[in-house]
Number of protein chains: 2
Amino acid sequence: MMTANRPYKLVLDRLNGVGLRPTRQRLGLARLLFEGCDRHVTAEQLHGEALSADLRVSLATVYNTLNQFTEAGLLREVVVEAGKSYFDTNTSEHHHFFLENTGRLEDIPGDHLVVQSLPKAPVGTRIARVDVIVRLVEDASPATAPFCD
Amino acid sequence: MMTANRPYKLVLDRLNGVGLRPTRQRLGLARLLFEGCDRHVTAEQLHGEALSADLRVSLATVYNTLNQFTEAGLLREVVVEAGKSYFDTNTSEHHHFFLENTGRLEDIPGDHLVVQSLPKAPVGTRIARVDVIVRLVEDASPATAPFCD
DNA sequence: CGCAGTCTTTAGAGTTCTTCCAGATTGTTG
DNA sequence: CAACAATCTGGAAGAACTCTAAAGACTGCG
């Protein structure tokens with residue numbers, strides 16, 4: 001009853017949890033990012049959404065916030081195209097489909113993909129992360145619209 | 001005996017093979033790229049090398065050439081960092097180590113890495129390529145210098 | 001060989017994405 | 001609520017890349 005009336009509560013806790021001051025801008029952006037299903041956004045996209053949602057925020061702040069959230073482990077950066085960064089709200093270990101035609105990025109569901117027999121890291125280094133991008137191109141038939149992005 | 005005295009012959013054939021006019025610039029860049037072992041370079045890097053090698057060529061031409069070689073299948077583009085493109089002279093199917101500290105990109109040798117149980121592509125699409133990046137960070141001990149890049 | 005005619009190259013301007021800056025604003029703490 | 005620090009902002013700056021229009025270099029044909 002109470003929580004239902006306080007939509008900010010969840011994201012607020014999230015910001016406090018990582019020691020980021022809960023400003024109007026950060027709260028608003030966090031709601032856009034974390035309320036609803038997993039998302040993959042660029043800074044420009046998120047900025048556009050923020051303006052549409054009547055959240056006055058500058059592009060510089062969107063960049064700052066995305067980077068801070070990423071450092072704090074709330075987001076994960078995914079690089080698939082030169083000169084563009086995507087931010088993924090799903091920080092668990094998983095991989096991606098990238099639709100080259102449209103620039104859409106999607107999680108590969110479940111554990112449908114396994115990397116077998118990882119090579120050992122060269123001397124003096126250790127593996128920090130393994131990224132797999134499955135690049136897709138549009139086929140003859142039109143794709144169905146997905147729920148999330 | 002003869003071929004040993006004509007170092008340009010191999011790259012010349014290569015350019016002719018893909019229908020690119022063998023200009024001084026393209027020949028020079030092709031030699032830097034394809035004579036010697038497999039390489040991973042950025043446009044700026046290659047431009048620097050060209051100048052050091054007394055090959056007068058503009059940065060715009062380096063970009064043009066790298067893109068043309070890629071379209072022709074002589075190179076493969078690899079994206080690992082936001083806002084930077086690497087070009088790989090090894091066009092066969094393989095994956096990469098990326099050393100986050102230094103920005104070095106290296107091939108993962110042999111078939112030491114296998115992607116198991118690829119998910120099926122979403123309706124209306126088909127898989128064009130699968131990229132695997134194993135991201136490394138430097139450990140305590142210093143890494144040994146590699147032969148190629 | 002020589003000269004169209006076409007393809008390439010080039011310097012510099014332009015684009016896009018992102019970060020930096022310095023001053024104004026906001027959140028927090030006592 | 002004052003004071004201090006953290007944050008936000010628009011605009012300038014930067015990095016990587018592409019575009020443009022004019023000059024230069026190959027190639028094929030005569």
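Predicted model only: the values in this text are computed from it and were never measured. Numbered from 1 within each chain, the chains take letters A, B, ... in sequence-line order.
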- Query: Nearest nucleotide by nearest heavy atom, which residue falls closer to the 5' end of DNA chain D, B:Glu77 or A:Val57?
  - Reply: A:Val57
Tabulate below the donor-acceptor pairs under 3.5 Å that side-chain atoms of residues 50-59 of chain A make, not counting sequence neighbours, or state none.
| from | atom 1 | to | atom 2 | distance (Å) |
| --- | --- | --- | --- | --- |
| A:Ser52 | OG | A:Gly48 | O | 3.0 |
| A:Ser58 | OG | A:Thr61 | N | 3.2 |
| A:Ser58 | OG | A:Thr61 | OG1 | 3.1 |

- Specify the separation, in whole Å, of atom CD of B:Gln45 and atom P of D:dA15. 16 Å
- Query: Whole Å only: how far is the NE2 atom of B:His47 from the C1' atom of D:dA15?
  - Reply: 16 Å
- Message: If I take atom CG in residue B:Leu51 and atom P in nucleotide C:dA11, what distance separates them, rounded to the nearest angstrom?
- Response: 10 Å
- Task: Using whole Å, report how far CG of B:Leu20 lies from P of D:dC26.
- Result: 14 Å
- Message: Without decimals, in angstroms, what is the distance between A:Leu29 CG and D:dT9 P?
- Response: 9 Å
- Item | Cation-pi check, A:Arg31 onto A:Tyr8 ring (under 6.0 Å, within 45° of axis) | yes
- Could you tell me the separation between the CG atom of A:Leu15 and the C1' atom of D:dT7, rounded to a whole number of Å? 13 Å
- May I ask you to verify if any side-chain N or O of A:Thr61 is less than 4.0 angstrom from the OP1 or OP2 atom of D:dC8? no
- Task: Give the B/S/- string for nucleotides 15-30 of chain C, one per nucleotide from 5' to 3', where a protein heavy atom under 4.0 Å of the base yields B, of only the sugar-phosphate yields S, and otherwise -.
- Result: --SBBB------BS--
- Query: Within 45° of the six-membered ring axis of A:Phe87 and under 6.0 Å from that ring's centre, is NZ or CZ of A:Arg76 located there?
  - Reply: no
- Message: If only side-chain N and O atoms count, and only distance matters, is there a donor-acceptor pair under 3.5 Å linking B:Asp107 with B:His95?
- Response: no
- Specify the separation, in whole Å, of atom CZ of B:Arg26 and atom C1' of C:dT8. 6 Å
- Item | Derivation and outcome, side chain to side chain donor-acceptor pair (under 3.5 Å), residues A:Ser85 and A:Glu77 | CA-CA 7 Å; A:Ser85 278; A:Glu77 191 175 356; 2.7 Å; yes
- With sequence neighbours excluded, what pairs up with A:His40 under the ring-ring contact (aromatic ring centres under 6.0 Å, His included) test? A:His96
